[in-house]
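Sequence positions, counted from 1, serve as the residue numbers for this chain.
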Amino acid sequence: YAKEAKSFMKPLLYLDVLKIKYWERKYWQKATRLVAVSEEEKNRMSRSDTVVAANGVDPDIFIFKKKLSEKKEKRILFMGDFKWIQNQQAVDWIITKIWPLVLSTVAKKKLDINPRLWIVGRNIPESIKAQTSTTITLGENEPDTAKVYRNSTILLAPIKVGGGSSYKILEAMCSGVPVVSTPLGAIGVGAKDKKEMLVGETEQELADAVVSLLENEKLYDNIRAHARKLIEEEFTWETVAKRLERVYSEVSSS
């Protein structure tokens, strides 16, 4: 976030970064064992005994969708809590840059579908509410997250800052909703481009990824099937709990 902030804010933000790094490293040295939520964060900790135990998801709640809906309306979902600045920035990027490219590409290819951008989350700011249109709708404080995924076609998660494994990406993958994200989003869950999700860095790449899923049902099904397999192997709460249990047992017996 500091890298992308306005110039007058950078010194203050980088000071916070330095303080965070100092205290993190200080307490890593005090700990008997370290647990990271992703391989990337494990590497940052620079300790060989660090164990990865990622965030998890419950497959009994986030049930795999059987197939792509035959309805012409296709919902492209963005989900997040908008008290976080990075979610506000991501949605602004989608609305102003990515979404117009999706619509123009769908029109150019004459696809017989009606794409809708569905922005779901808490604390949606007025600046985002003011940008709704016939192709952009809001869902504020939706009570049933699993139902949101059942009613979605694709999750668009252009993560540019942060780390670890995103709950919304894990939940979408578990629910059979293909994910389009940035390299940072893929790294957090160990997903491979064109296997468990589609990855893009620029707005054009992200828009093309969304459209390719909308027009290619075979690709759509392959991505979501591989994504669900990855969840079942690595990211169920049962799997995560077993990894943590081993760490706790080793520490308590040492």
Do Glu41 side-chain atoms and Ser38 backbone N/O form a donor-acceptor pair below 3.5 Å? no

Thr145 vs Met79 side-chain heavy atoms within contact, under 4.5 Å: yes

Where the side chain of Asp193 meets the backbone of Val199, is there a donor-acceptor pair that is under 3.5 Å apart? yes

Return yes when atom CD of Glu73 has more than 12 non-hydrogen atoms of other residues, nucleotides or ligands closer than 6.0 Å, and no otherwise. yes

Over all atoms of both residues, closest heavy-atom pair of Glu201 and Leu206: O-CD1, 4.5 Å

Starting at CH2 of Trp237, measure out to CG of Leu244 and round the result to the nearest 0.5 Å. 9.0 Å

Can you check whether Leu103 reaches Pro115 side chain to side chain, under 4.5 Å on heavy atoms? yes

Distance check, rounded to the nearest 0.5 Å: Phe62 atom CZ versus Glu171 atom CD? 3.5 Å

Any Lys/Arg nitrogen of Asp221 or Lys218 sitting under 4.0 Å from an Asp/Glu carboxylate oxygen of the other? no

Hphob cluster co-occupancy, Ile61 + Val179, side-chain heavy atoms under 4.5 angstrom: yes

Verify the cluster assignment for Tyr220 and Phe64: are they in a single hydrophobic cluster under the rule of side-chain heavy atoms below 4.5 Å apart? no

Polar side-chain atom of Lys147 near backbone of Glu142 as donor-acceptor pair, under 3.5 Å: no

Would you find a donor on one side and an acceptor on the other, under 3.5 Å apart, between the side chain of Glu140 and the backbone of Ile124? yes

Within 6.0 Å of NZ in Lys109, more than 12 heavy atoms from elsewhere: no

Keeping the roles fixed (side chain from Lys42, backbone from Val51), state whether a donor-acceptor pair exists under 3.5 Å. no

How close do Cys174 and Arg228 get, counting heavy atoms only, and between which atoms? O-NH1, 2.7 Å

Do Leu111 and Leu219 land in one hydrophobic cluster if side-chain heavy atoms of ILVMFWY residues count as linked below 4.5 Å? yes

Taking C-beta and beyond as the side chain, do Lys74 and Ile154 meet within less than 4.5 Å on heavy atoms? no

Kindly check if the number of other-residue, nucleotide or ligand heavy atoms within 6.0 Å of OH (Tyr14) is above 12? yes

To the nearest 0.5 Å, what is the distance between NZ (Lys229) and NZ (Lys195)? 6.5 Å

Please check this pair: side chain of Tyr149 against backbone of Lys168, looking for a donor-acceptor N/O pair closer than 3.5 Å. yes

Would the number of heavy atoms belonging to other residues, nucleotides or ligands and lying under 6.0 Å from CZ of Arg44 be above 12? no

Tell me if a side-chain donor or acceptor on Arg116 pairs with a main-chain N or O of Thr134 at a distance below 3.5 Å. yes

Closest non-hydrogen atom pair, Lys10 against Ala2: NZ-O, 3.2 Å

After noting the C-alpha distance and the side-chain angles of Thr96 and Glu203, does the key distance pass the side chain to side chain contact (heavy atoms under 4.5 Å, CB included) rule? CA-CA 10 Å; Thr96 60; Glu203 47 257 28; over 6 Å; no

Between Asn43 and Glu39, is there a donor-acceptor pair closer than 3.5 Å when you use the side chain of the first and the backbone of the second? yes

Distance alone, cut at 3.5 Å: any donor-acceptor contact between the side chains of Gln204 and Asp208? yes

How close do Phe82 and Ile119 get, heavy atom to heavy atom, and via which atoms? CZ-CG2, 3.6 Å

Dump the intermediate steps for salt bridge (Lys or Arg N to Asp or Glu O under 4.0 Å) on Lys129 and Glu126, then the final yes or no. CA-CA 5 Å; Lys129 292 179 180 179; Glu126 292 301 321; 3.6 Å; yes

Quick one: CE on Met197 to CD1 on Ile223, what's the gap to the nearest 0.5 Å? 9.0 Å

Can you check side chain to side chain contact (heavy atoms under 4.5 Å, CB included) on Val35 and Arg243, steps first, answer last? CA-CA 10 Å; Val35 178; Arg243 288 177 185 155; over 6 Å; no

I'd like to check Trp118 versus Val148 (side-chain heavy atoms, cut-off strictly below 4.5 Å). Are they in contact? yes

Quick check on the hydrophobic clustering: are Leu214 and Ile136 connected, directly or via other members, by side-chain heavy-atom contacts under 4.5 Å? yes

For atom CZ of Arg122, decide whether the heavy atoms of other residues, nucleotides or ligands shown that lie under 6.0 angstrom number more than 12. no

Output yes when a side-chain donor or acceptor of Thr239 lies under 3.5 Å from a complementary backbone atom of Phe235, and no otherwise. no

For residues Ile76 and Trp99, report the shortest heavy-atom separation together with the two atoms involved. CG1-CZ3, 3.7 Å

All heavy atoms of Arg224 vs all of Pro178, minimum pair found to be CB-CG, 4.1 Å

Sub-4.5 Å side-chain heavy-atom contact between Ile128 and Asp92: no

Under 3.5 Å, is there a donor-acceptor pair between the Asn123 and Asp81 side chains? yes

Starting from Phe8, can I reach Val17 by hopping between I/L/V/M/F/W/Y residues whose side chains sit under 4.5 Å apart? no

State the CG-CG distance between Leu230 and Leu170, to the nearest 0.5 angstrom. 8.5 Å

Any chance you could measure Leu117, atom CG, to Thr137, atom OG1, to the nearest 0.5 Å? 7.0 Å

Are more than 12 heavy atoms, taken from residues, nucleotides or ligands other than Glu24, located less than 6.0 Å from that residue's CD atom? yes

If you draw a 6.0 Å radius around NZ in Lys242, do more than 12 non-hydrogen atoms from other residues or ligands fall strictly inside? no

Any Lys19 side-chain heavy atom under 4.5 Å of Asp16 side chain: yes

More than 12 foreign heavy atoms under 6.0 Å from CH2 of Trp93: is that the case here? yes

Please determine whether a side-chain nitrogen of the Lys or Arg among Lys110 and Glu215 lies less than 4.0 Å from a carboxylate oxygen of the Asp or Glu. no

Between Arg246 and Glu250, is the closest basic N to carboxylate O distance under 4.0 Å? no

Applying side chain to side chain contact (heavy atoms under 4.5 Å, CB included) to Trp28 and Thr50, what does each step give before you reach the verdict? CA-CA 10 Å; Trp28 291 343; Thr50 303; over 6 Å; no

Do the side chain of Thr182 and the main chain of Pro158 share a donor and acceptor less than 3.5 angstrom apart? no

